[in-house]
Amino acid sequence: MKTKLIDFSKYSSMGIGPSLEVAILDECSSDYKDHYLIGSCNNLLIGNNPPKLMLLSKKYDYIKIEDGVLKIGAATPSGKINSFCKKNNIANFEFLSHLPGKLGGLVYMNAGLKEYEIFNSLIDITTCDGVKKKEEIAYGYRYTDIDYPILEASFELTYGYSQEKVTMFKKMRSNQPSTPSAGSFFKNPEGDYAGRLIEAVGLKGKRVGDMEFSHEHANFLVNHGDGKFEDAIYLINEAQNRVKQEFGIDLECEVVILERNF
Ligand SMILES: Cc1cc2nc3c(=O)[nH]c(=O)nc-3n(C[C@H](O)[C@H](O)[C@H](O)COP(=O)(O)OP(=O)(O)OC[C@H]3O[C@@H](n4cnc5c(N)ncnc54)[C@H](O)[C@@H]3O)c2cc1C
């Protein structure tokens, strides 16, 4: 099994995590069954003792048009997808100009901005368990029930790349901090906003060590440089406990926490 040494304090968008050997998935095999698949770690908080990790090989980094369908390998970064769509005048992927991740992570999370989600133009996915049509997948807001590594996804091909939409997505981002984070940390509970609740319980701008619920946007848990996993966990627990006590609402993490002792 090939492996690659990754320093997660540099690789992950939160800038937290140890250096670890990560297995490279080139072909589906039962050897990888006890490994957790990562993409580009824009939605992960890596602890000091995470499970065994694996990453798709470069073989899955491609984008092409075949039989009138857009086919994208799961290791393809969002920036590359957006550039391809711009160059070939393809619509519906403009939101990826301002959304970090690789295709596999984007599909698994049903990532998006407002009503623009990756599932909107999805046709099917190819996984280590075969092809699954969109209709066979349960999905919703930042949720899918996909339980096998995604290798490729096919999308409807619609022409008409919109530079206006790119400008609109850039504007939507303007109130968000540029300090390292994993984007929104908690999912918005139905009919409310996680950021509003965190602010209401007095945690907007709360800093422990180098970790802070950003003073710019309370639902962004940002790292000012040398943030520690333990400090992040302290703040997460504090937010969940206070919001439960004051509002009776369970704040659910959108970011996945990878730590065996958590
Ligand atoms: C500044 C910032 C802003 C963000 N804004 C948004 C936003 O507006 N909207 C939004 O939806 N998200 C947002 N995010 C979160 C993030 O961009 C998305 O969740 C993205 O889909 C993560 O992709 P990734 O490759 O980094 O996945 P990772 O973070 O590496 O993994 C995320 C999950 O996907 C699974 N996964 C990864 N690859 C595969 C695969 N091939 N097959 C099956 N499962 C896989 C992992 O097991 C994990 O559970 C933001 C993040 C940052 C840092």
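For ligands, and for the atoms within them, numbers begin at 1 and follow the listed sequence. As a basis for the values below, the full set of heavy atoms in this structure was taken, side chains included, without hydrogen atoms, waters or symmetry mates. Source: prediction; values computed, not measured.
Taking distance alone, with nitrogen or oxygen atoms compared against 3.5 Å, Pro149 stays at or beyond that limit from ligand 1. An N or O contact shorter than 3.5 Å links Gly39 to ligand 1 by distance. For the pair Leu113 and ligand 1, the shortest N or O to N or O distance does not fall below 3.5 Å. Looking at ligand 1, you won't find any N or O of Val256 less than 3.5 Å from one of its N or O atoms. Inclusion of Ile150 in the set of residues having an N or O under 3.5 Å from an N or O of ligand 1 is warranted.
Atoms of ligand 1 lying under 4.0 Å from at least one heavy atom of Asn43, given by number and element, are 15 (C), 19 (O), 29 (O). Atoms of ligand 1 found under 4.0 Å from any heavy atom of Leu106, numbered from 1 in the order shown, are 20 (C), 21 (O). Each of the following atoms of ligand 1 lies closer than 4.0 Å to a heavy atom of Ser13: 53 (C). Close approach of ligand 1 to Gly183 (heavy-atom distance below 4.0 Å) involves ligand atoms 2 (C), 3 (C), 4 (C), 50 (C), 51 (C), 52 (C), 53 (C). Residue Gly101 has at least one heavy-atom neighbour below 4.0 Å for each of these atoms of ligand 1: 23 (O), 24 (P), 25 (O), 26 (O). Each of the following atoms of ligand 1 lies closer than 4.0 Å to a heavy atom of Gly112: 7 (C), 8 (O), 9 (N), 10 (C), 11 (O). Using a 4.0 Å cut-off to heavy atoms of Cys41, the atoms of ligand 1 that qualify are 26 (O), 28 (P), 29 (O), 30 (O).
Residue contacts with ligand 1, taken as heavy atom pairs separated by less than 4.0 Å, do not involve Ser184 at all. Contacts of Leu56 with ligand 1, taken as heavy-atom pairs under 4.0 Å, involve the side chain alone. Heavy atoms of Arg142 found under 4.0 angstrom from ligand 1 belong exclusively to the side chain. For Lys102, heavy-atom contacts with ligand 1 shorter than 4.0 Å involve the backbone as well as the side chain. Of the heavy atoms in Asn42, both backbone and side-chain atoms come closer than 4.0 Å to ligand 1.
When only non-hydrogen protein atoms are considered, atom 47 (O) of ligand 1 lies nearest to Leu37 O, 2.6 Å. With hydrogens left out, the protein atom closest to atom 53 (C) of ligand 1 is Ser181 O, 3.3 Å, a heavy atom. The single protein non-hydrogen atom nearest to atom 49 (O) of ligand 1 is Tyr36 OH, 2.5 Å, given as residue, atom name and distance.
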Distance-only criterion, 3.5 Å: show the donor-acceptor pairs between side-chain atoms of residues 146-161 and protein atoms not counting sequence neighbours.
from   : atom 1 : to     : atom 2 : distance (Å)
Glu152 : OE1    : Tyr62  : OH     : 2.5
Ser154 : OG     : Asp124 : OD1    : 3.2
Tyr161 : OH     : Asn82  : OD1    : 2.8

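Of the inter-residue distances, the one linking Glu117 atom CD with Asn110 atom CG reads 4.0 Å to the nearest 0.5 angstrom.
Leu106 and Val166 end up in different hydrophobic clusters when Ile, Leu, Val, Met, Phe, Trp and Tyr side chains are linked at under 4.5 Å.
A salt bridge links Glu66 with Lys71: at least one charged nitrogen is closer than 4.0 Å to a carboxylate oxygen. The pair Lys80-Asp61 counts as a salt bridge, with a side-chain nitrogen and a carboxylate oxygen less than 4.0 angstrom apart. Salt bridge status for Arg242 with Glu238: present, with a side-chain N to carboxylate O gap under 4.0 Å. A salt bridge does not link Lys228 with Asp210: every distance from a Lys NZ or Arg NE/NH1/NH2 to an Asp or Glu carboxylate oxygen is 4.0 Å or more.
The nearest non-hydrogen atom to atom 37 (C) of ligand 1, considering only Ala182, Cys128, Gly105, comes from Gly105. Counting only non-hydrogen atoms, the option in Pro177, Ser40, Pro100 that gets closest to atom 22 (C) of ligand 1 is Pro100. Nearest residue to atom 33 (C) of ligand 1 from Phe95, Tyr108, Tyr11 is Tyr108 (criterion: closest heavy atom).
Using the six-membered ring where Trp is involved, Phe186 and Phe213 have ring planes that are tilted, between 30° and 60° apart. Between His217 and Phe220, the ring planes are tilted. Angles from 30° to 60° get that label.
At least one side-chain heavy atom of Gln240 sits less than 4.5 Å from a side-chain heavy atom of Cys253. For the pair Val69/Ile65, no side-chain contact is recorded, criterion being any heavy-atom separation below 4.5 Å from C-beta on. You'll find the side chain of Asn49 reaches within 4.5 Å of the side chain of Glu259, heavy atoms only. A 4.5 Å side-chain heavy-atom check between Met109 and Ile118 finds every atom pair outside the cut-off.
Taking the ring centre of Phe247 as origin, the terminal cationic atom of Arg196 falls inside the region bounded by 6.0 Å and 45° from the ring axis.
Within the structure, ligand 1 lacks Tyr60 among the residues with a heavy atom less than 4.0 angstrom away. Residue-ligand proximity: Leu99 is placed with a non-hydrogen atom under 4.0 Å from ligand 1. The shortest separation from a heavy atom of Arg173 to ligand 1 is under 4.0 Å, placing the residue in contact.
Residue pairs meeting the disulfide bond (SG atoms under 2.5 Å apart) criterion with at least one member in residues 41-81: none, sequence neighbours excluded.
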